[in-house]
Amino acid sequence: MDKLKVLVVDDESRMRKLVKDFLVKKDFDVIEAGDGEEAIDIFFRAKDIALIILDVMMPKMDGWQVCREVRQHSKVPIIMLTAKSDERDELLGFELGVDEYISKPFSPKILVARVEAILRRSNAISTEDIMTAGTIQLNKAAHQVLVNGGAIELSYKEFELLAYFMENQGIALSREKILNSVWNYDYFGDARTIDTHVKKLRSKLGKDADYIKTIWGMGYKFEVE
């Protein structure tokens, strides 16, 4: 089996080497880019990048712009690295379709664990590939969601969240349980991450947004009347 390719984008060579060394130990094929323009060039030339680790502050083209360019053509998972811990930056990242958000300094081992978790989930094919709830049909293998027969565009995490809700219909789910199951690692961030994703998911489901019910003080429950 070919090694999965990870594109590491950071203008600090020391940071790229640190991340690369840990990923190579886990048998990933790592490609480096020192700025946003180089990252875009490599991404569209390589065609088979499995995941991007992307720094925010870079010369020529910053991480936000790289993310915008990539998202116009691909749903490849993106982990954003930033020296800032501003909530507005994190929310902007999720708005642009970032799958994970990690503030510097960080543990390389945790970063690699998140990379593995994302790729494990994105490449896993369940025996129960197609799920239906009300007017929603979710196809795991094709990574496609139909609402009333029409396809809707979901980010990687929005898709995973909807799949988890549909797999647990009628069950009250705490934010902690959702984080542990969908993010698939010990999450050290704020539960508002879930609320942000639920809000975006509801907006894309239209009338079917009512399937996702808020349980005040606890979390959410997916239920079709």
Side-chain angles (χ1 to χ4, degrees), residues 1-13 15-56 58 61-82 90 92-104 106-126 140-144 153-161 163 179 181-189 193 197:
M1 182 178 176
D2 292 337
K3 294 182 180 181
L4 292 174
K5 291 183 180 178
V6 176
L7 175 59
V8 177
V9 189
D10 197 306
D11 59 328
E12 293 185 47
S13 59
M15 181 62 70
R16 293 199 308 271
K17 184 180 187 306
L18 176 66
V19 173
K20 179 177 180 178
D21 287 348
F22 274 84
L23 287 170
V24 168
K25 287 178 183 177
K26 290 291 186 175
D27 211 29
F28 288 104
D29 184 5
V30 178
I31 303 174
E32 298 180 49
D35 60 65
E37 287 186 358
E38 184 183 6
I40 290 295
D41 181 57
I42 291 173
F43 178 75
F44 288 108
R45 191 173 69 241
K47 303 287 187 185
D48 58 350
I49 301 296
L51 181 143
I52 301 174
I53 297 174
L54 180 62
D55 188 35
V56 173
M58 293 184 296
M61 182 186 291
D62 66 19
W64 303 128
Q65 187 57 39
V66 173
C67 186
R68 288 188 184 97
E69 292 279 340
V70 170
R71 278 291 172 261
Q72 288 179 12
H73 306 277
S74 171
K75 294 180 181 178
V76 62
I78 296 175
I79 295 178
M80 194 74 100
L81 304 179
T82 178
E90 187 168 349
L92 173 60
F94 290 134
E95 288 289 326
L96 293 175
V98 174
D99 298 286
E100 302 289 0
Y101 192 97
I102 300 178
S103 297
K104 297 178 180 178
F106 57 85
S107 161
K109 290 183 179 179
I110 292 294
L111 174 61
V112 173
R114 295 187 185 186
V115 168
E116 291 179 319
I118 287 177
L119 293 175
R120 185 164 56 245
R121 294 181 69 86
S122 64
N123 288 288
I125 298 179
S126 169
K140 283 190 173 182
H143 207 274
Q144 181 186 61
E153 292 293 319
L154 298 182
S155 71
Y156 167 76
K157 267 293 180 279
E158 290 163 359
F159 183 90
E160 290 292 306
L161 182 59
L179 281 172
S181 300
V182 178
W183 272 252
N184 205 24
Y185 57 83
D186 292 330
Y187 186 75
F188 299 106
T193 295
H197 281 79

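Everything numeric in this text was worked out from a predicted model, so none of it was measured.
Residues Lys140 and Ala163 share a closest heavy-atom pair of CE-CB, 4.2 Å. The two residues Pro77 and Ala50 come nearest to each other via the heavy atoms CD-O, 3.3 Å. In this structure, Phe44 and Glu69 approach most closely via the heavy-atom pair CZ-O, 4.1 Å. Scanning all heavy atoms of the two residues, the minimum distance from Tyr101 to Arg114 falls at O-NH1, 3.9 Å. Closest of all the heavy-atom pairs between Glu37 and Met61 is N-CB, 3.9 Å.
Distance check: Asp10 CG to Met58 CE gives 7.5 Å after rounding to the nearest 0.5 Å. Note that NZ of Lys5 is 13.0 Å distant from CD1 of Ile52, once rounded to the nearest 0.5 Å. Rounding to the nearest 0.5 angstrom, the gap separating the NE2 atom in His143 from the CG atom in Leu154 is 8.0 Å. To the nearest 0.5 Å, atoms CG (Leu54) and OG1 (Thr82) are separated by 10.5 Å. Leu119 CG to Lys26 NZ: the interatomic distance, rounded to the nearest 0.5 Å, is 13.0 Å. To the nearest 0.5 Å, atoms CD (Glu116) and CG (Leu23) are separated by 8.5 Å.
Side-chain contact between Asp99 and Ile79 is absent, with no heavy-atom pair separated by less than 4.5 Å. Taking the side chain as every heavy atom from C-beta outward, Ile31 and Leu7 approach each other to under 4.5 Å. Looking only at side-chain heavy atoms (C-beta outward), Val115 and Ile53 come within less than 4.5 Å of each other. In this structure, the side chains of Lys104 and Asp55 come closer than 4.5 Å at one or more pairs of heavy atoms. Side-chain contact check for Gln65 versus Asp62: some heavy-atom pair is nearer than 4.5 Å. Looking only at side-chain heavy atoms (C-beta outward), Val8 and Lys20 stay at 4.5 Å or farther from each other. You'll find the side chain of Lys109 reaches within 4.5 Å of the side chain of Phe22, heavy atoms only. Annotation: side chain of Leu51 is not in contact with side chain of Leu4 (no heavy-atom distance under 4.5 Å).
Under the 3.5 Å distance criterion, the side-chain polar atoms of Arg71 are matched with a main-chain donor or acceptor of Ser74. A donor-acceptor distance shorter than 3.5 angstrom exists from the side chain of Tyr156 to the backbone of Ile118, with no hydrogens or angles considered. Looking at Glu38, its side chain does come within 3.5 Å of a backbone N or O of Gly34 through a donor-acceptor pair.
Residues His73 and Phe43 place their aromatic rings such that the two centres sit no closer than 6.0 Å.
Between Glu32 and Lys17, no side-chain nitrogen of the basic residue sits less than 4.0 Å from a carboxylate oxygen of the acidic one, so the salt-bridge criterion is not met.
At most 12 heavy atoms of other shown residues, nucleotides or ligands fall within 6.0 angstrom of atom CD in Glu153.
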